[in-house]
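Following: one structure in structure tokens, then a few remarks.
Residues take their numbers from the sequence shown, with the count starting at 1. When a ligand or atom number is given, it counts from 1 through the structure's own listing order.
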Amino acid sequence: MTTLYEEVRATLRESEFRPRKRLGQNFLVHENIIESILRLLDLSPEDEIVEIGPGLGFLTRRLVDTAKRVWAVEIDSALVDRLKRSSLGSHPAFQLMHNDILKVAPEDFLPPHKVKLVGNLPYSISTPVLFRLFDWREHFSFLVLMMQKEVADRIGSGPGTKAYGTLSVWCQVHGRISERVSVSPEAFFPKPKVRSTILKINLYQEPLIPLKDLPLLRGLVRAAFGHRRKTLGNALTSWLQRDRNEIESVLRLEGIDPVRRGETLSVAEFLALSRALKESHCG
Ligand code: SAM
């Protein structure tokens, strides 16, 4: 029986396709990782799915086997041509979009109800893609995403760790990691230099703060992590351009010492501080 590795290598040879590093083209060659992704997706025939970067389509063909509809967004025109010519091209469940996931507008292709999202993300764009997906959160029930291990660690980390940052807070405000699978470089061709992690992120019905207050929270988190060496008192005073005493009294009222650094605040403290800044008309 042909292995997935042999199939990927033969497909690349036959189509004379050379994977492009710039587009993060590391194709999955271990069947058991595809099985892990399918387990996390928990597919049913009613499911509609968005896939970021179908590549050669070997995960995609498994998705269309079960799901009602799969929208696949692929940036590379050579891969788009190949997918169209493959058996997927005529599959009734398969909808291919030749586009950049960082540019496409969700309303151009997503239905009004929630869908599942899957992607083996190109490493160089995983962080901006994640922020984009959180902006589109009302379209998704959950995300199953493969990314560089370091990015996955940042998402799940808390105060007092080096990995804790804007991405950690933003993810934890929008959802919760429910599963994590570790993936070695051997699972890809070509082999990347880094380890990868698949995360399943369940999105909350609503973020932990009202939608209209998200921009203020975003500004606060950016200011707090933007200058890691600054105290919170300093970072917030220069961000908001307000009187230092005013800022320090809001911090003290929330029980936060103004000499603390942003990276020591928990997500709950960020939420409380954002509310307090709004109520005191500082933010
Ligand atoms: N899903 C395939 C797999 O698991 O073997 C391929 C995954 S490969 C890591 C990433 C895929 O995303 C490639 O097919 C690449 O061309 C595509 N891609 C890269 N940047 C993209 C972008 N901005 N928008 C959409 N697709 C992109």
Side-chain angles (χ1 to χ4, degrees), residues 3-13 15 17-41 43 49-65 67 70-86 88-89 94-106 108-110 116-133 135-136 143-152 181 183-200:
T3 64
L4 182 58
Y5 176 81
E6 289 161 348
E7 225 181 327
V8 167
R9 295 303 306 266
T11 306
L12 292 175
R13 228 180 3 255
S15 49
F17 184 81
R18 286 168 64 97
R20 294 201 234 175
K21 209 170 168 188
R22 186 177 62 81
L23 294 179
Q25 290 172 343
N26 303 96
F27 301 107
L28 269 174
V29 292
H30 279 188
E31 194 71 55
N32 65 329
I33 301 300
I34 292 201
E35 293 303 331
S36 296
I37 293 174
L38 293 171
R39 178 182 65 77
L40 297 181
L41 280 171
L43 290 182
I49 299 172
V50 172
E51 184 187 10
I52 300 174
L56 301 171
F58 291 124
L59 168 63
T60 324
R61 71 181 175 189
R62 299 292 303 279
L63 303 177
V64 298
D65 271 353
V70 177
W71 286 273
V73 183
E74 174 57 63
I75 198 171
D76 187 315
S77 39
L79 289 177
V80 166
D81 282 348
R82 209 210 139 261
L83 286 164
K84 280 186 187 157
R85 278 185 279 107
S86 74
L88 270 170
F94 183 62
Q95 302 276 329
L96 184 57
M97 314 248 315
H98 183 194
N99 218 321
D100 179 342
I101 192 65
L102 292 176
K103 298 207 176 117
V104 71
D108 286 351
F109 68 109
L110 288 175
K116 298 178 179 178
L117 181 126
V118 66
N120 172 8
L121 295 181
Y123 294 138
S124 59
I125 59 165
S126 44
T127 301
V129 168
L130 279 157
F131 279 110
R132 223 156 189 244
L133 296 178
D135 285 346
W136 298 356
L143 319 173
V144 174
L145 295 170
M146 169 102 72
M147 63 196 83
Q148 188 174 337
K149 177 182 178 297
E150 284 69 22
V151 177
V181 178
V183 183
S184 78
E186 281 69 35
F188 304 91
F189 181 84
K191 239 195 276 182
K193 290 202 175 71
V194 293
R195 290 189 66 80
S196 303
T197 301
I198 309 169
L199 291 184
K200 178 168 180 175

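- The pair Glu31-Arg62 meets the salt-bridge criterion, with a side-chain N (NZ, NE, NH1 or NH2) lying under 4.0 Å from an Asp/Glu carboxylate O.
- Evaluated for a side chain to side chain donor-acceptor pair (under 3.5 Å) with Asp76, the options Arg82, Arg22, Gln25 yield exactly one hit, Gln25.
- A donor-acceptor pair under 3.5 Å links the side-chain atoms of Asn26 to the main chain of Pro190, judged by distance alone.
- Ligand 1 is surrounded by Leu23, Gly24, Gln25, Asn26, Phe27, Leu28, Glu51, Gly53, Pro54, Gly55, Val73, Glu74, Ile75, Asp76, Leu79, Asn99, Asp100, Ile101, Asn120, Pro122, Ile125, each with at least one heavy atom closer than 4.0 Å.
- Judged by distance alone, with hydrogens and angles left aside, the side-chain atoms of His98 form a donor-acceptor pair with the main-chain N or O of Ile75 at under 3.5 Å.
- The CZ atom of Phe188 sits 5.0 Å away from atom CG of Asn120, with the distance rounded to the nearest 0.5 Å.
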*asked:* Apply side chain to side chain contact (heavy atoms under 4.5 Å, CB included) to residues Thr11 and Phe58 and explain how you reach the verdict.
replied: CA-CA 11 Å; Thr11 306; Phe58 291 124; 3.5 Å; yes
